[in-house]
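As structure tokens, the structure follows; a few thoughts come after it.
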Amino acid sequence: MLLNWNNINLENINLLKIANILIKNTNFEIYSLGKNIKFTLGMFHYCTNNEERDILSDTWNKSYNYEAPNSPYGFYFQNITLNELSRYLNNENGKIIKEMINKKYFNNTNISICEQLIYYATFIVLHEYAHYLKYASLNFDKISFAKYNFKQTNLLSTQEYRNLPSEKEADDYAFKNLKTSVEIVLKELGNLN
């Protein structure tokens, strides 16, 4: 199968579209991240900060509804085109993601910017989907997942954050499924010959 990168219009493809292609059959919806969240490209939102705090401090009330009406549980991704994605990938975390993918997939090869951006966007979606799969593997047990997933991000550098077991596991899943997922995305978009 040849990938026809010349037929792809970067303005017609966005992160939300790729998420909707790849994330199927979950009990969570896909939403657009608010524009005030500038450095996060995607996230799997399974509980609020207050709920996570209560779970980790053993004060969680299972019968209390922590879910905010303006921020329901689900997958969140920036509603940005692939052209806009390149700007977001210049922050510290984005640079690390680019470096990881470039080293594993594009090592010293002449790859179009378009191809790189499709791979980056697909990786971001798969990484968040991997968090959902871990949550599902724990039978959607918020206590187990919160303890597994807990990270004091304000105390960690970007590199330390990327090395957390939950992040490495999500990265490993994304890398394992990246090439076939890119093919699925391109086929769905009608760009596979």
Side-chain angles (χ1 to χ4, degrees), residues 15-34 36-80 88-89 91-94 96-97 100-101 104 119-178 180-181 184-185:
L15 204 48
L16 277 176
K17 187 182 282 188
I18 290 173
N20 279 294
I21 290 169
L22 294 174
I23 298 174
K24 306 277 187 199
N25 303 319
T26 74
N27 35 347
F28 291 93
E29 297 291 323
I30 299 170
Y31 301 100
S32 176
L33 270 169
N36 58 337
I37 302 175
K38 298 199 185 312
F39 298 110
T40 300
L41 292 167
M43 63 186 257
F44 172 58
H45 177 60
Y46 72 99
C47 74
T48 64
N49 290 338
N50 288 339
E51 186 173 14
E52 185 175 61
R53 181 202 62 224
D54 289 355
I55 288 169
L56 296 170
S57 67
D58 293 325
T59 60
W60 184 54
N61 180 350
K62 187 176 183 174
S63 61
Y64 180 77
N65 182 10
Y66 290 86
E67 188 173 14
N70 62 344
S71 181
Y73 300 145
F75 295 95
Y76 285 81
F77 295 96
Q78 288 285 354
N79 188 15
I80 57 173
Y88 282 85
L89 290 170
N91 71 36
E92 189 177 355
N93 192 39
I96 290 172
I97 290 169
M100 290 186 319
I101 293 171
K104 196 163 187 100
Y119 269 82
Y120 301 150
T122 302
F123 179 88
I124 291 161
V125 171
L126 290 174
H127 177 95
E128 297 310 322
Y129 185 64
H131 288 308
Y132 162 81
L133 291 174
K134 180 63 176 186
Y135 187 43
S137 78
L138 296 170
N139 296 314
F140 302 100
D141 178 355
K142 284 190 177 192
I143 294 172
S144 297
F145 190 68
K147 289 180 178 177
Y148 164 79
N149 200 47
F150 176 68
K151 29 190 165 326
Q152 291 182 310
T153 55
N154 57 334
L155 302 178
L156 300 175
S157 71
T158 302
Q159 188 61 53
E160 290 170 327
Y161 175 80
R162 301 263 8 130
N163 285 324
L164 289 169
S166 61
E167 296 305 307
K168 287 188 79 59
E169 189 174 322
D171 286 348
D172 289 346
Y173 173 85
F175 279 126
K176 181 180 175 190
N177 294 283
L178 189 56
T180 56
S181 295
I184 290 167
V185 167

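Just so you know, these numbers use all the heavy atoms, side chains as well, and skip hydrogens, waters and symmetry mates.
Aromatic pair Phe44/Tyr129: ring centres not closer than 6.0 Å. Taking the six-membered ring where the residue is Trp, the centroids of Phe75 and Tyr31 are separated by 6.0 Å or more.
Below 30°, between 30° and 60°, or above 60°: for Tyr46 and Phe145 the angle between ring planes is above 60°, a perpendicular geometry. Taking the six-membered ring where the residue is Trp, Trp60 and Tyr66 present parallel rings, their angle staying beneath 30° rather than reaching 60°.
In Glu67, the CD atom is crowded: over 12 heavy atoms of neighbouring residues, nucleotides or ligands sit closer than 6.0 Å. Heavy-atom neighbours of Lys24 NZ from other residues, nucleotides or ligands within 6.0 Å: above the threshold of 12. Residue-environment remark: CG (Asn25) stays at or below the threshold of 12 foreign heavy atoms within 6.0 Å. Counting non-hydrogen atoms of neighbouring residues, nucleotides and ligands closer than 6.0 angstrom, the CG atom of Asn49 reaches no more than 12 such neighbours.
For the atom pair Phe123 CZ and Met100 CE, the distance stands at 4.0 Å (nearest 0.5 Å). A distance of 8.0 Å separates CG of Asp58 from CD1 of Ile143, quoted to the nearest 0.5 Å. Considering CD1 of Ile124 and CG of Leu89, their distance stands at 5.5 Å, rounded to 0.5 Å. Taken from CD1 in Ile80 to CG in Leu15, the straight-line distance is 5.5 Å, to the nearest 0.5 Å. Atoms OH and OH, from Tyr132 and Tyr173 in turn, are 11.0 Å apart once rounded to the nearest 0.5 Å. How far CG of Asn27 is from OH of Tyr135: 8.5 Å, rounded to the nearest 0.5 Å.
Counting heavy atoms from C-beta outward, Leu22 and Ile184 have side chains that approach closer than 4.5 Å. A 4.5 Å side-chain heavy-atom check between Thr48 and Ser71 finds every atom pair outside the cut-off. At least one side-chain heavy atom of Ile23 sits less than 4.5 Å from a side-chain heavy atom of Phe77. Between Tyr73 and Glu51, some side-chain heavy-atom pair lies under the 4.5 Å cut-off.
Between Val125 and Ala19 the shortest heavy-atom distance is CG1-CA, 3.8 Å. In this structure, Leu16 and Ser32 approach most closely via the heavy-atom pair CD1-CB, 3.8 Å. When all heavy atoms are compared, the tightest approach of Gly42 to Leu33 is N-CD1, 4.1 Å. Here the closest heavy-atom approach between residue Ser181 and residue Asn177 is recorded as OG-O, 2.7 Å. Scanning all heavy atoms of the two residues, the minimum distance from Ala130 to Ala170 falls at CB-CA, 3.6 Å.
Checked against His127 for a side-chain contact (heavy atoms from CB on, under 4.5 Å), the options Leu41, Asp171, Thr122, Asp172 give a single hit: Asp171. Applying the side-chain contact (heavy atoms from CB on, under 4.5 Å) test between His131 and each of His45, Met43, Glu167 identifies Glu167 as the sole match.
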Exercise for review: Could you walk me through whether Tyr148 and Glu169 pass side-chain contact (heavy atoms from CB on, under 4.5 Å), step by step?
Suggested key: CA-CA 11 Å; Tyr148 164 79; Glu169 189 174 322; 2.7 Å; yes

Practice item. Apply the test side-chain contact (heavy atoms from CB on, under 4.5 Å) to residues Val185 and Tyr119: give CA-CA distance (whole Å), side-chain angles for both, the deciding distance (0.1 Å), then the verdict. Key: CA-CA 10 Å; Val185 167; Tyr119 269 82; over 6 Å; no

